[in-house]
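What follows is a single structure, written as structure tokens, with notes after it.
All residue numbers refer to positions in the sequence shown, counting from 1. Each ligand, and each atom within it, is numbered from 1 in the order the structure gives. Given the structure is predicted, the values throughout are model-derived calculations rather than measurements.
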Amino acid sequence: MTTTSAFESVIGEFDPIIGLETHIELGTNSKMFCSCSAEFGGDPNTHVCPVCLGLPGSMPVVNRAAVESTIRMGLALNCSIASWCRFARKNYFYPDMPKDYQISQYDEPLCFDGYLDVTVVTDDGPQIFRVEIERVHMEEDTGKLTHAGGAGRIHGATHSLVDYNRAGIPLIEVVTKPITGTGRYAPEVAKAYVAELRDLMRALGVSDVRMEEGSLRCDVNVSLSRDGEPWGTRTETKNVNSLRSVERAVRSEMLRQADQLRSGERIIQETRHFHEETGDTTSGRSKEQAEDYRYFPEPDLVPVAPSAEWIEQLRTTLPEVPSVRRVRLRDSWGISDFEMQSLVNAGALNLIESTINAGVSEQAARKWWTGEFSRIAKERDCELEDLSVTPADILEVEILIASGDLTDKIARTVFEGVLAGDGSVTAVIDARGLKVVSDDGALLAAIEQALAEQPDVAEKIKSGKIQAAGAIVGAVMKLTKGQADAAKVRALLFEQLGVTE
Ligand code: ADP
Ligand code: MG
Ligand code: ZN
């Protein structure tokens with residue numbers, strides 16, 4: 001059975017429910033509860049102080065910018081904002097948090113009861129799915145452990161190294177309510193939701209969401225149930241950190257659970273790990289017994305009590321929401337709903353917009369990102385935005401096309417070089433000698449050679465079989481390694497043979 005039909009048969013028998021818990025690092029200058037730098041990277045344990053190291057006697061202070069970002073995110077997600085809420089200690093013993101607890105929010109989240117509409121292209125065209133938001137709360141990130149001597153895993157490691165630079169970075173966690181009614185589109189809805197969340201964070205300017213740096217992580221909950229039966233037991237696939245992986249994790253977990261249920265086994269409530277290489281999930285830790293984090297209100301921090309005026313003032317700072325922006329761009333670019341949705345799904349919208357802002361025509365910007373670059377991204381199994389080509393590169397190439405120095409075809413070769421890491425646009429052009437051969441002498445010499453190699457063609461053309469010219473143009477393109485201007489070759493050929501088209 002192919003994967004597609006296996007998936008179809010799951011849909012025929014079961015109804016999926018999904019739930020997403022997304023952690024996003026905020027782009028604040030300093031950490032959540034101290035003034036250490038929140039910048040990514042740095043030598044291990046250089047962005048640390050007594051507070052984020054949890055030394056006795058140190059006192060945390062809430063980062064106002066992080067609260068502001070969370071409220072703005074909550075408002076953008078149509079949430080209610082708590083007029084009073086507290087932080088809570090989540091106690092656990094693991095050395096990624098030097099305090100032995102993480103400061104989070106428990107039963108008093110700052111934002112709650114919102115929704116986000118996402119669009120997915122279905123067989124019946126673009127369709128809107130409303131994803132209800134349970135809560136948006138604040139917490140701090142943990143440090144990073146590196147297990148040495150055990151193939152990177154804790155089992156078999158000889159020792160572990162800790163880096164607390166990330167410990168205390170402000171995080172917001174956005175938790176959805178169970179998402180029902182998505183049927184076969186469950187994987188796409190999950191992906192579209194995370195993409196929309198990411199775009200919203202970027203539009204708000206609260207995080208630049210660099211997924212490759214792990215600044216957005218998703219826990220993907222999935223359960224299946226048969227028609228008319230109560231909801232099934234969910235599994236929670238942890239730390240899925242790319243849009244594509246979110247989609248794949250939902251799909252593969254649906255397939256696995258269906259297999260399990262069909263063979264009469266029950267689904268165990270557990271966390272699972274997603275593997276990029278195979279697209280599969282494997283069992284993690286069982287959640288049958290709820291872990292006891294012994295939450296209690298954080299005694300060292302005052303409650304967060306945003307005034308109504310502050311909230312209203314923050315509401316006025318909200319940017320155009322992505323859905324409204326898409327309608328505006330769709331109209332300004334004169335494209336259909338369907339085309340717009342394909343651009344969004346390809347993750348091309350922001351890239352196209354910045355390419356246009358860099359000075360490239362709308363059409364060319366769309367063409368590059370949805371054509372050549374999408375093809376390469378698919379081939380490499382990565383997101384468009386992970387490709388090392390910039391709007392400035394595209395502008396540079398488009399200028400060379402406009403001046404006749406590059407053809408579309410040669411331009412593709414140039415980008416292939418740039419994307420292969422061979423250097424800048426100019427470096428690739430120079431290194432590979434890529435430019436249009438438009439010098440008449442060189443073209444005429446190539447035409448002559450082609451005609452000599454196919455002696456019957458000249459007669460055919462002269463006798464009116466103009467389509468025979470294609471064989472010569474093709475041969476000249478080959479002789480010039482595709483660098484001839486085809487229209488010019490054609491014109492020169494007819495001129496040479498004294499034929500008018
Ligand atoms: P936990 O602390 O165990 O991760 P949370 O309440 O924080 O639990 O998050 C659980 C997530 O799973 C939420 O997004 C919720 O909507 C979702 N969820 C709850 N029940 C189901 C279910 N039966 N199937 C799929 N997802 C579910
Ligand atoms: Mg969870
Ligand atoms: Zn610190």
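Only the side chain of E236 comes within 4.0 Å of ligand 1, judged by heavy-atom distances. For R234, every heavy-atom contact with ligand 1 shorter than 4.0 Å involves the side chain, none the backbone. When heavy-atom distances to ligand 1 are checked against a 4.0 Å cut-off, T233 has no atom that comes that close, whether in backbone or side chain.
Each of the atoms 16 (O) of ligand 1 lies under 4.0 Å from some heavy atom of K177. Every atom of ligand 1 with a heavy atom of P178 under 4.0 Å away is listed here by number and element: 16 (O), 19 (C). Close approach of ligand 1 to L20 is summarised as follows: ligand atoms under 4.0 Å from at least one heavy atom of the residue are 14 (O). Close contacts between ligand 1 and G19 involve ligand atoms 14 (O), 17 (C), 26 (N) [criterion: under 4.0 Å to a heavy atom]. When each atom of ligand 1 is checked for a heavy atom of T176 under 4.0 Å away, the hits are 13 (C), 14 (O), 15 (C), 16 (O).
With atom 26 (N) of ligand 1 as the reference point, the heavy atom nearest to it among V220, N221, T271 is part of N221. The residue from S223, P16, A186 that puts a heavy atom closest to atom 24 (N) of ligand 1 is S223.
Taking any N or O of V175, backbone or side chain, none lies under 3.5 Å from an N or O belonging to ligand 1. Considering backbone and side-chain atoms alike, E173 places every N or O at 3.5 Å or more from each N or O of ligand 1. Looking at W231 next to ligand 1, no N or O pair under 3.5 Å apart turns up.
At a cut-off of 3.5 Å, with distance as the only test, no side-chain donor of T237 or E253 sits close to an acceptor on the other residue. For the 3.5 Å distance criterion, the side chains of S354 and N357 fail to qualify, holding no donor opposite an acceptor. Residues R266 and T233 bring no donor and acceptor atom of their side chains to less than 3.5 Å of each other. Between the side chains of S252 and R272, not a single donor N or O lies within less than 3.5 Å of an accepting N or O.
Ring-centre distance between Y106 and Y293: not below the 6.0 Å cut-off.
Of the angles at the Zn ion (ligand 3), the one spanning SG of C52 and SG of C49 is 120° when given to 10°.
Using a non-hydrogen distance threshold of 4.0 Å, G232 registers as a contact of ligand 1.
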Salt bridge (Lys or Arg N to Asp or Glu O under 4.0 Å) between R86 and E108, worked out | CA-CA 6 Å; R86 284 176 298 188; E108 299 170 5; 2.9 Å; yes

Step by step, work out the side chain to side chain donor-acceptor pair (under 3.5 Å) result for E139 and S104.
-> CA-CA 4 Å; E139 57 184 39; S104 181; 2.9 Å; yes

Given the rule in the salt bridge (Lys or Arg N to Asp or Glu O under 4.0 Å) test, do R244 and E247 qualify, once you have shown the distances and angles that lead to the verdict?
-> CA-CA 5 Å; R244 229 178 80 76; E247 181 177 353; over 6 Å; no

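Ring orientation note: the planes of W368 and F415 are nearly perpendicular, at an angle over 60° on the 30°/60° scale.
Atom NZ of K99 has more than 12 heavy atoms from other residues, nucleotides or ligands within 6.0 Å.
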